[in-house]
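Each chain gets a letter, A, B and so on, in the order the sequences are listed, and its residues count up from 1.
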Amino acid sequence: MDTSQFIQRDETCWEIPPHGRMRVPAVIYADAHLLQQMDQKVYEQLSNVAMLPGIVEAAYAMPDAHWGYGFPIGGVAAFDPELGGVVSAGGVGFDISCGVRTLHTGLNTDDLQAHKQALADALYRMIPAGVGSRGRIHLNHQTMQGMLKGGAQWALAQGYGEPQDLERIEEHGKMAGAEPNYVSARAKERQKDEMGTLGSGNHYLEVQRVAEIFDQDAAQVFGLQTDAVVISIHCGSRGLGHQIGTEFLKQMAVSAPQHGIALPDRELACAPLDSSLGNQYLGAMRAGINCALANRQIITHLTRQAVAGIFPDAHLSLLYDVSHNTCKLEQHEIGGKKKGLFIHRKGATRAFGPGHPDLPPVFQAVGQPVLIGGSMGTSSYILCGCKDSEKRAFGSACHGAGRAMSRRQASKQWRGKTLIETLAAQGIIIRSQSMRGVAEEAPPAYKDVDSVVDIAELAGLARKVARLEPMICIKG
DNA sequence: ATGTTC
């Protein structure tokens, strides 16, 4: 889009001043090139978000932002319940609590070389991936309620994982305030055979090597060294999250007029935080967060089993687990005063800096790990939160490379088989059930993750710690 | 993202 529509505040901060029904400005963190690459829809969607009741400070977009459903993906917005603030199902997204976790393996690149194919096969066999994939775990009514209430803590109690995993998951693995009774029977039905599955789209499990370290001190705290092998898992709440999103979006759109809300876009359906519907969505959405946390915990268990079959002495310890589709009540300073705000992050990662009370002791000195999944075949990054990020976008950073092209366009332009062959020639093994899915994920269909991350750092959203390169990718 | 057009 045209950069002249913005007031450039500094090198990476582009502002849309409030006009029309906008209550606050809209701000995009990007450089001129990333901004030009973004669809004009990002401008419109972010301006619409700035019109919603009770929004404070500004509607923000991260450098990886692109056109989404209602809210842009890469969007961050905070709402004050005391100012008539709202919660929006479109502001969280369909894949509730989609996120990334990264595991240390204790192996290095040389250990892996001779066993690469075998490990790819073992992981692909062990972890179901693709549309409608089903797992080996089947939940009944009681275990479903327990999972929705307990998240990764529930999964651990079922035998999936290790106790020390928990402190390295946001919310200690269990999102408080989940209300399984606000999750429909249909959402639960869709989920009962889907625990421990990756799903499709941009979801993946990737075996990666640490290719570059930018910050030795933070890397040491995070346990990262050059040539170490790590495994990253990117997935979410599967059919359950999608069903919750679908149902509440509809209800929020229908009831907006009776809540006195004139929606700038039907896709921005929302409900007041103090309404019954808003409260029900929060309870269901938090249960969806627990579903995603439990799912990533179970996949971790399956990953440990697959790796143990080839490297019996390897111990996989969790670095961290972050969610990037959430709405959370957090304390932030507005005009010098601490306030409880509902922070929507849609395709945006929490990036709390050093000393934040919500971080476990191990990360107090350097800030939380911010896990950035790149596109297929390209680098991923590990960043850390910094003090500034709390002033820039409520403690948030980008979540990935961000699409530059639609799935439809990408699937017309590339062939999955060719892409897999090209990547194989670079030593990257791709395993996927869907050649169309692979084509949709073609690296050039995404923005350049290196520049997205550089701009995120320049904007003070997070600081670079390490760059990872893919070796094996199990693709959803 | 999604039992990929409830």
Using a heavy-atom cut-off of under 4.0 Å over every strand shown, decide if A:Gly241 touches base, sugar-phosphate, or nothing. nothing

Will you find, in the side chains of A:Tyr320 and A:Glu170, an N or O donor that is under 3.5 Å from an N or O acceptor? no

Exactly one of A:Tyr182, A:Phe342, A:Phe248 clears ring pair (Phe, Tyr, Trp, His ring centres under 6.0 Å) with A:Tyr281, and that residue is A:Phe248

Nucleotide B:dC6, atom P - distance to NZ of A:Lys250 in whole Å: 12 Å

By the 4.0 Å heavy-atom rule, please label A:Arg186 as base, sugar-phosphate, or nothing. base

Determine, for A:Glu171 against A:Lys174, whether the closest basic-nitrogen to carboxylate-oxygen distance falls under 4.0 angstrom. no

Calculate the interatomic distance between A:Arg408 atom CZ and B:dT5 atom P; express it in whole Å. 11 Å

For A:His242 and A:Val131, find the nucleotide of DNA chain B closest to each by heavy atoms; which residue's nucleotide sits nearer the 5' end? A:His242

Pairs under 3.5 angstrom only: tabulate donor-acceptor contacts from the side chains of residues 256-270 of chain A to other protein residues two or more places apart or in another chain.
unit_1	atom_1	unit_2	atom_2	d
A:His259	ND1	A:Ser255	O	3.3
A:Asp265	OD1	A:Glu267	N	2.9
A:Glu267	OE1	A:Gly70	N	2.9

Nearest whole Å is fine: how far is B:dT2 P from A:Glu189 CD? 17 Å

Under 4.0 angstrom between A:Ser200 side-chain N/O and B:dT4 OP1 or OP2: no

Considering heavy-atom distances to DNA chain B, does A:His203 or A:Thr246 have its closest nucleotide positioned more toward the 5' end? A:His203

Take the protein atom CD1 of A:Ile244 and the nucleotide atom C1' of B:dT2, then report the distance between them rounded to whole Å. 13 Å

Pair A:Arg350 + A:Glu390, salt bridge at N-O below 4.0 Å: no

Would you mind reading off the distance between A:Phe248 atom CZ and B:dT2 atom C1', rounded to a whole angstrom? 18 Å

Rounding to an integer number of Å, can you tell me how far A:Glu247 CD sits from B:dT2 P? 16 Å

With sugar-phosphate meaning primed atoms plus P, OP1 and OP2, does A:Glu194 contact a base, only sugar-phosphate, or nothing at under 4.0 Å between heavy atoms? sugar-phosphate

Starting at CZ of A:Arg238 and ending at P of B:dT4, how long is that distance when rounded to a whole Å? 12 Å

Looking for any heavy atom pair under 4.0 Å, which part of the strands does A:Gly201 touch: base, sugar-phosphate only, or nothing? sugar-phosphate

Rounded to whole angstrom units, what separation is found between the CG atom of A:Asn295 and the P atom of B:dT2? 10 Å

Short side-chain N/O contact to B:dT4 OP1/OP2 from A:Arg436, under 4.0 Å: no

